[in-house]
There are 2 protein chains.
Amino acid sequence: MNKPVLQNWQSVQAEVLRRIHSRHWKPGDLIPTETELAAEFGCARATVNRALRTLAESGLLDRRRKAGTRVALQPVAKATLDISLIRHDVEARGQTYGYQLLERRMEVPPPAVSGAIKTASKTKLLHLQALHLADSSPHAFEDRWINTDVVPGAIAEPFDVISGNEWLLSHAPYTHGDIAFSAATASEREATVLGCAGMSALFVIDRLTWNNDGAVTKVRLAFEPGHRMRTVL
Amino acid sequence: MNKPVLQNWQSVQAEVLRRIHSRHWKPGDLIPTETELAAEFGCARATVNRALRTLAESGLLDRRRKAGTRVALQPVAKATLDISLIRHDVEARGQTYGYQLLERRMEVPPPAVSGAIKTASKTKLLHLQALHLADSSPHAFEDRWINTDVVPGAIAEPFDVISGNEWLLSHAPYTHGDIAFSAATASEREATVLGCAGMSALFVIDRLTWNNDGAVTKVRLAFEPGHRMRTVL
DNA sequence: CAGTGGTCTAGACCACGAT
DNA sequence: TCGTGGTCTAGACCACTGA
């Protein structure tokens with residue numbers, strides 16, 4: 001009986017994963033306690049805890065005090081998307097990034113926007129429209145509203161060379177936000193600006209971010225036809 | 001000088017977050033070492049480590065041995081998407097889930113599929129097409145190829161009441177996979193099955209999963225027009 | 001009530017990597 | 001080289017929750 005001593009949490013995690021994938025521990029099964037596993041592996045309980053806690057965070061295990069640790073019945077796949085700056089995305093693909101401001105004006109937003117940002121319906125907000133380019137061809141169309149009550153500094157920024165996202169990140173970082181992904185048919189303006197056919201299907205990201213003072217910005221990004229957002233499971 | 005003793009990693013993390021958001025520590029700044037913070041907060045270094053490590057995993061801090069810990073210049077937003085079963089999604093919205101198998105046959109896949117699954121180009125695979133319903137109306141169209149070399153048990157499964165995803169989760173769990181999100185115009189078949197206009201923009205998920213024996217399945221999910229996938233930042 | 005996971009501590013050693 | 005984060009240990013106490 002060989003007892004390979006597992007002394008770091010990664011190897012403990014790998015062994016636990018091996019037992020799950022080999023169906024030695026099946027979905028729904030109760031697995032040994034941390035103390036038992038620590039004894040078996042010859043390591044401290046804290047090491048086992050780190051291994052199991054990480055697996056629980058990724059959805060593969062269900063842990064409850066007193067009830068113990070079970071292999072998840074239906075592992076909810078958690079895909080982590082890195083929402084980076086469009087500039088970084090483009091440059092990471094080896095293309096040259098370009099930016100072009102199309103519109104910049106203070107105006108009263110449509111009800112959908114003022115409702116989301118929760119300003120009085122007649123309050124003017126800073127409205128930006130811009131185009132992100134990859135190798136000189138249109139990559140994404142950005143339509144952004146900035147809450148100048150929360151970010152007064154934006155009024156003085158022309159946004160002609162730096163995008164709204166990059167400026168906001170360094171001048172008014174958000175504390176939290178929500179994001180939605182969807183598909184939409186290109187509007188006439190989007191088709192014109194992106195240089196695509198009128199009814200093309202566009203991948204769209206809508207984002208609304210907040211800091212401690214309130215809503216910072218609402219942005220809609222419509223990507224060129226064919227754009228894919230990838231990640232691993 | 002009050003020194004509120006912070007004794008758990010969540011409160012240490014909250015204090016660090018407060019200093020970042022209040023711009024006491026600005027993007028790019030080097031923050032004190034774990035040892036210094038532990039002394040300041042009156043807790044063990046391991047507690048500070050857990051707080052800072054978690055923040056680094058979420059992209060808000062950059063940590064490097066010897067170089068120390070810095071506030072991230074451009075916090076890469078990490079959005080975690082829970083890719084759950086469509087059935088759970090539908091039921092979570094309070095709708096009734098339905099499933100309908102449209103096609104099930106062994107056939108030679110198109111080159112794109114055999115290339116991704118890495119089988120010989122003439123190998124037949126199990127091809128499923130199915131419809132997921134929410135409150136009796138079409139919700140998503142599933143087009144799936146299953147590698148019967150890796151999952152021979154699938155040949156005997158009719159898939160008439162249980163979806164490919166649910167069957168595979170309990171009979172051939174994957175160890176890893178990749179996933180891509182995009183937008184596509186509805187094909188004629190998709191428009192017919194989903195009951196939408198011919199050129200509608202559909203939100204599409206493509207997924208390819210593997211276990212230790214090779215590629216398990218390749219699936220494309222096309223959602224009804226207007227479908228959104230949300231999460232928080 | 002008692003078992004299990006969640007966390008903290010104080011100390012130790014190690015690995016990486018900036019200088 | 002040597003400072004910093006990464007991790008392990010052994011022990012302790014606590015919080016939650018099932019029985």
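Fair warning: this is a prediction, and the values are worked out from it, not measured in the lab.
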>> For chain B and DNA chain D, what are the first and last nucleotides along the strand, 5' to 3', with at least one atom under 4.0 angstrom from a heavy atom of the protein chain?
In response: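 Boundary nucleotides touching chain B, in 5' to 3' order, are D:dG3 to D:dT7.
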> Closer to the 5' end of DNA chain C via nearest nucleotide, is it A:L52 or B:R45?
Replying inline: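 With A:L52 and B:R45 compared, the 5'-side residue is A:L52.
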> Which comes earlier along DNA chain C counting from the 5' end, the contact point of A:K66 or that of A:N49, where each point is its nearest nucleotide?
Replying inline: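 So the residue in question is A:K66.
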> Can you say whether the rings of A:F181 and B:F181 are parallel (under 30°), tilted (30 to 60°) or perpendicular (over 60°)?
Replying inline: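 A:F181 vs B:F181 ring planes: parallel.
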> Under 30°, 30 to 60°, or over 60°: which ring-plane class applies to A:H227 and A:F203, parallel, tilted or perpendicular?
Replying inline: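 Tilted: the ring planes of A:H227 and A:F203 meet at 30° to 60°.
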>> In whole Å, I'd like the distance from the CZ atom of A:R70 to the P atom of C:dG5.
In response: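 In whole Å, C:dG5 P lies 11 Å from A:R70 CZ.
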>> Rounding to an integer number of Å, can you tell me how far B:R63 CZ sits from C:dG17 C1'?
In response: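 In whole Å, C:dG17 C1' and B:R63 CZ are 15 Å from each other.
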>> Treating B:Y99 as the side-chain partner and B:F159 as the backbone partner, does any N or O pair qualify as donor plus acceptor under 3.5 Å?
In response: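 Yes; at least one donor-acceptor contact below 3.5 Å.
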>> Between A:T175 and A:N211, do the side chains contain a donor N or O and an acceptor N or O under 3.5 Å apart?
In response: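 Note: A:N211 and A:T175 side chains miss the donor-acceptor criterion.
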>> Side-chain N or O of A:T69 versus OP1/OP2 of C:dG5: is the shortest distance under 4.0 Å?
In response: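 So the side chain of A:T69 is within the cut-off, an N or O lying under 4.0 Å from OP1 or OP2 of C:dG5.
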>> Check the phosphate of C:dA18 against B:R64, side-chain N and O only, distance under 4.0 Å to OP1 or OP2. Yes or no?
In response: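 So the side-chain polar atoms of B:R64 do come within 4.0 Å of the phosphate oxygens OP1 or OP2 of C:dA18, strictly under.
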>> Regarding B:A67, tell me which of base, sugar-phosphate or nothing describes its non-hydrogen contacts under 4.0 Å with the strands shown.
In response: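 Touches sugar-phosphate only.
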>> So A:Q10, base contact, sugar-phosphate only, or nothing? Heavy-atom distance under 4.0 Å.
In response: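 If one applies the 4.0 Å heavy-atom cut-off, A:Q10 turns out to touch the sugar-phosphate alone, with no base involved.
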>> Between B:R63 and B:E34, does any side-chain N to carboxylate O distance fall below 4.0 Å?
In response: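 Salt bridge between B:R63 and B:E34, a charged N being under 4.0 Å from a carboxylate O: yes.
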> Any salt bridge between B:R50 and B:E57, counting N to O under 4.0 Å?
Replying inline: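 Not counted as a salt bridge, because no side-chain N and carboxylate O are separated by less than 4.0 Å.
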> A:R65 or A:T47: which one's nearest nucleotide on DNA chain D is closer to the 5' end?
Replying inline: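 In this pair, the answer is A:T47.
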